[in-house]
Amino acid sequence: MPDTIRIEDIARHAGEEVTIKGWLFNRTDKGRLQFLQVRDGTGFVQCVVFKKEVSAEVFAEARALTQESSLIMTGTVREDSRAPGIPGGYELGVTGMRVLQQAEEHPIQPKEHGVEFLMDHRHLWLRSQRQWAILRVRATVIRAIRDWFDTHGFVNMDTPILTPAACEGTTTLFETDYFGEPAYLAQSGQLYNEADIYAFGRVYCFGPTFRAEKSKTRRHLTEFWMVEPEVAFCDLDQLMEIEEQFVSYIVQTCLRDRAHELDLLERDTSYLEKVTPPFPRISYDEAVGVVAEIREQTEDEDLRQLLAMEWGDDFGSPHETELTKRFEKPVLVYGYPTRAKAFYMEPWPDRPEVSKSVDLLAPEGYGEIIGGSERISDYDLLIQRLREWGLPREAFEWYLDLRRYGSVPHSGFGLGVERTVSWICGLDHLRETIPFPRMLKRVYP
RNA sequence: UCCUCGGUAGCUCAACUGGCAGAGCGACCGGCUGUUAACCGGUUGGUUGUAGGUUCGAGUCCUACCCGAGGAGCCA
């Protein structure tokens, strides 16, 4: 049997006799000519079975092949502009074939299906071209994230997933039984990161995070992946520089390495190409003004209702969506009201009602993909904040220690991987950005 | 938790003011040498989400419940 090749490398084998191992995902039958669309995980290729060129047995067997049957094809690679697929432009002139398993009738056909049906068959849906493209972009986003941090002085430090108590309130935590004591699935590694920077300077944690929010929207999962860097000797301005460099690198890496996939997804990449530093920066105060202005101008009564807000309120999805439509690039919104954010955020100098916080909002209506801030480094202020937020001091003794032994100004942020993938791919729902999404009322398959 | 929309064949949907439950796709059989979700002919296909009610008659109207989708709040 000729050497097995990967479909993604097919152009390098033009004219050669090769073997391809994969699955049939679609077919077109033309009498004495059959076009079998085969995928192998690395790409998609058309295999042409011509009655004159194969044995009667192979031709008959090819005719009987069902969608998703597993097979081993041998044949000659030839260039042909009519050949569909990814990378495309080459096809296999089949000379031999072995069927490993003749698949039963596959539930998912190459046509439209409803959301519920697809989600019930997520384990099979993954095989479709669209899901293949999205999840390859996801893998590239993850690689780019690690590449950037690993080459910018950050050390990867994993933080615990089972945690003792609430960082930001228990209502959104999944509780588990930890040998008779309650423990909670982590919703952030930040506090542990803050401990880690005192040993390593710059760190990042990267893992799944859990939120028991009863959110039922296109931008929420109960289990999602978040990367959280934390940096010693870093203020809010420096943090914003890191964010724009980092996000630009992720986007540009995807444009370079996943062009086929973005093309398959019919993603208009013109906006993505503009994602280079610096990003526009506006203060929360300014942003509130812009939202008020948009609200004034709109004729849409429902939108006017949704955009109602007062200074001090955090932005909701409608606000973010409208705001980002005003910018071609991601926008950094900084200086949120203290009461709208978490207890650990450093106050603005001479403006205690404002925090040194920053959110990064993706363009085209995608909204928040990063939330970050400079952290409180002063022991007394942190004690005061715990009290104001009604948090039990005992649970935070270790965290307070960090302000006792060589405290320094430090900052960090969290980037949601799924929201980033959704934006880069131009999707309208987060559920397609992770192989097996966990959502309100969805833990199967 | 709240608001809006929906549930009919394996899938995607149609069925007018209540009156014979249909089409396309798939599957199966046959035809076709360049198809791209091919095309042509044939075959196959139903507890209309569940329970109750109104009616001569309910997919259609009423009540309750279940399930799903989109949104709000909350957040990445």
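Worth saying up front: this structure is predicted, and the values here are computed from it rather than measured. Each chain gets a letter, A, B and so on, in the order the sequences are listed, and its residues count up from 1.
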Whole-Å gap separating [atom2] ([N]) and [atom1] ([X]):
{"X": "A:Arg27", "N": "B:U36", "atom1": "CZ", "atom2": "C1'", "value": "14 Å"}
{"X": "A:Lys52", "N": "B:C32", "atom1": "NZ", "atom2": "C1'", "value": "16 Å"}
{"X": "A:Arg82", "N": "B:A38", "atom1": "CZ", "atom2": "C1'", "value": "15 Å"}
{"X": "A:Ile250", "N": "B:A76", "atom1": "CD1", "atom2": "P", "value": "17 Å"}
{"X": "A:Leu415", "N": "B:C75", "atom1": "CG", "atom2": "C1'", "value": "14 Å"}
{"X": "A:Tyr336", "N": "B:C74", "atom1": "OH", "atom2": "C1'", "value": "14 Å"}
{"X": "A:Ile369", "N": "B:A76", "atom1": "CD1", "atom2": "P", "value": "12 Å"}
{"X": "A:Gln46", "N": "B:U33", "atom1": "CD", "atom2": "P", "value": "16 Å"}

Strand partner of [N], provided both Watson-Crick or wobble distances fall under 3.5 Å:
{"N": "B:C74", "value": "none"}
{"N": "B:U17", "value": "none"}
{"N": "B:A38", "value": "none"}
{"N": "B:A69", "value": "B:U4"}
{"N": "B:A23", "value": "B:U12"}
{"N": "B:U33", "value": "none"}
{"N": "B:U50", "value": "B:A64"}

Are A:Phe210 and A:Phe224 close enough, and set up right, to give a ring pair (Phe, Tyr, Trp, His ring centres under 6.0 Å), and what steps lead you there?
CA-CA 7 Å; A:Phe210 307 89; A:Phe224 64 97; 8.6 Å; no

Please state whether the phosphate of [N], meaning OP1 or OP2, lies under 4.0 angstrom from any side-chain nitrogen or oxygen of [X].
{"X": "A:Asn26", "N": "B:A38", "answer": "yes"}
{"X": "A:Thr28", "N": "B:A38", "answer": "yes"}
{"X": "A:Arg32", "N": "B:U33", "answer": "yes"}
{"X": "A:Lys30", "N": "B:G34", "answer": "yes"}

When all nucleic acid strands are considered with a 4.0 Å heavy-atom cut-off, which category describes [X]: base, sugar-phosphate, or nothing?
{"X": "A:Ser317", "result": "base"}
{"X": "A:Glu223", "result": "nothing"}
{"X": "A:Phe117", "result": "sugar-phosphate"}
{"X": "A:Arg130", "result": "nothing"}

Residues in side-chain hydrogen bond (donor to acceptor under 3.5 Å, both in side chains) with A:Asp120, at least two apart?
A:Arg442

Relative to the ring of A:Trp148, is the ring of A:Phe154 parallel (under 30°), tilted (30 to 60°) or perpendicular (over 60°)?
tilted

Side-chain contact check for A:Arg78: nearest option of B:G34, B:A72, B:C28 is B:G34

So if I take every side-chain heavy atom of A:Leu33 and compare against B:U33, B:U36, B:A76, which nucleotide ends up nearest?
B:U33

Would you please name every residue forming a side-chain contact (heavy atoms from CB on, under 4.5 Å) with [X], sequence neighbours left out?
{"X": "A:Trp225", "answer": "A:Arg138, A:Phe206, A:Pro208, A:Val417, A:Glu418, A:Ile434"}
{"X": "A:Leu118", "answer": "A:Ile108, A:His113, A:Trp125"}
{"X": "A:Asp147", "answer": "A:Arg143, A:Tyr249"}

For nucleotides 66-69 of chain B, list the nitrogen or oxygen atoms of the protein found under 3.5 Å from its nitrogen or oxygen atoms, one pair per line.
unit_1: B:A69; atom_1: N7; unit_2: A:Lys216; atom_2: NZ; d: 3.2

Can you tell me if A:Glu374 and A:Ser357 form a side-chain donor-acceptor pair at under 3.5 Å?
no

Indicate whether any N or O donor in one side chain lies under 3.5 Å from an N or O acceptor in the other, for A:Arg27 and A:Gln37.
no

5' precedence on RNA chain B between A:Pro84 and A:Ala64 (nearest-nucleotide basis)
A:Ala64

When A:Asp29 and A:Thr66 are each assigned the nearest nucleotide of RNA chain B, the 5'-most assignment goes to A:Thr66

For a quick check, tell me whether the side chain of [X] and the base of [N] share a donor-acceptor pair closer than 3.5 Å.
{"X": "A:Arg219", "N": "B:C74", "answer": "no"}
{"X": "A:Ser215", "N": "B:C74", "answer": "yes"}
{"X": "A:Gln34", "N": "B:G34", "answer": "no"}

Stacking check: are the rings of A:Phe224 and B:A76 less than 5.5 Å apart at their centres and under 30 degrees in tilt?
yes

Side-chain donor-acceptor contacts of residues 363-373 of chain A below 3.5 Å, not counting sequence neighbours, with atom names and distances?
unit_1: A:Glu364; atom_1: OE1; unit_2: A:Arg267; atom_2: NH1; d: 2.9
unit_1: A:Glu364; atom_1: OE2; unit_2: A:Arg267; atom_2: NH2; d: 3.0
unit_1: A:Tyr366; atom_1: OH; unit_2: A:Gly426; atom_2: O; d: 3.4
unit_1: A:Tyr366; atom_1: OH; unit_2: A:Leu427; atom_2: N; d: 3.2
unit_1: A:Tyr366; atom_1: OH; unit_2: A:Leu427; atom_2: O; d: 2.6
unit_1: A:Ser373; atom_1: OG; unit_2: A:Arg375; atom_2: NH1; d: 2.8

Which side-chain hydrogen bond (donor to acceptor under 3.5 Å, both in side chains) pairs, counting each pair once, include a residue from residues 331-342 of chain A, with sequence neighbours left out?
A:Tyr336-A:Asp359, A:Lys341-A:Asp359

Once salt bridge (charged side-chain N to carboxylate O under 4.0 Å, His left out) is applied, what residue pairs with a partner in residues 75-94 of chain A remain, sequence neighbours excluded?
A:Arg78-A:Glu91, A:Asp80-A:Arg82

State plainly whether the residues A:Asp235 and A:Lys356 are in salt-bridge range, i.e. N to O under 4.0 Å.
no

Less than 6.0 Å separating the ring centroids of A:Phe396 and A:Phe343?
yes

Would you please name every residue forming a ring-ring contact (aromatic ring centres under 6.0 Å, His included) with A:Phe436, sequence neighbours left out?
none

With sequence neighbours left out, the residues meeting ring-ring contact (aromatic ring centres under 6.0 Å, His included) with A:Phe25 are A:Phe44

By a strict heavy-atom criterion of less than 4.0 Å, which residues belonging to residues 94-114 of chain A are in contact with RNA chain B?
A:Glu105, A:Gln109, A:Pro110, A:Lys111, A:Glu112, A:His113, A:Gly114

Got a list of protein N/O to nucleotides 44-49 of chain B N/O distances below 3.5 Å?
none

Quantified in whole Å, what is the P atom distance between nucleotide B:G7 and nucleotide B:U60?
11 Å

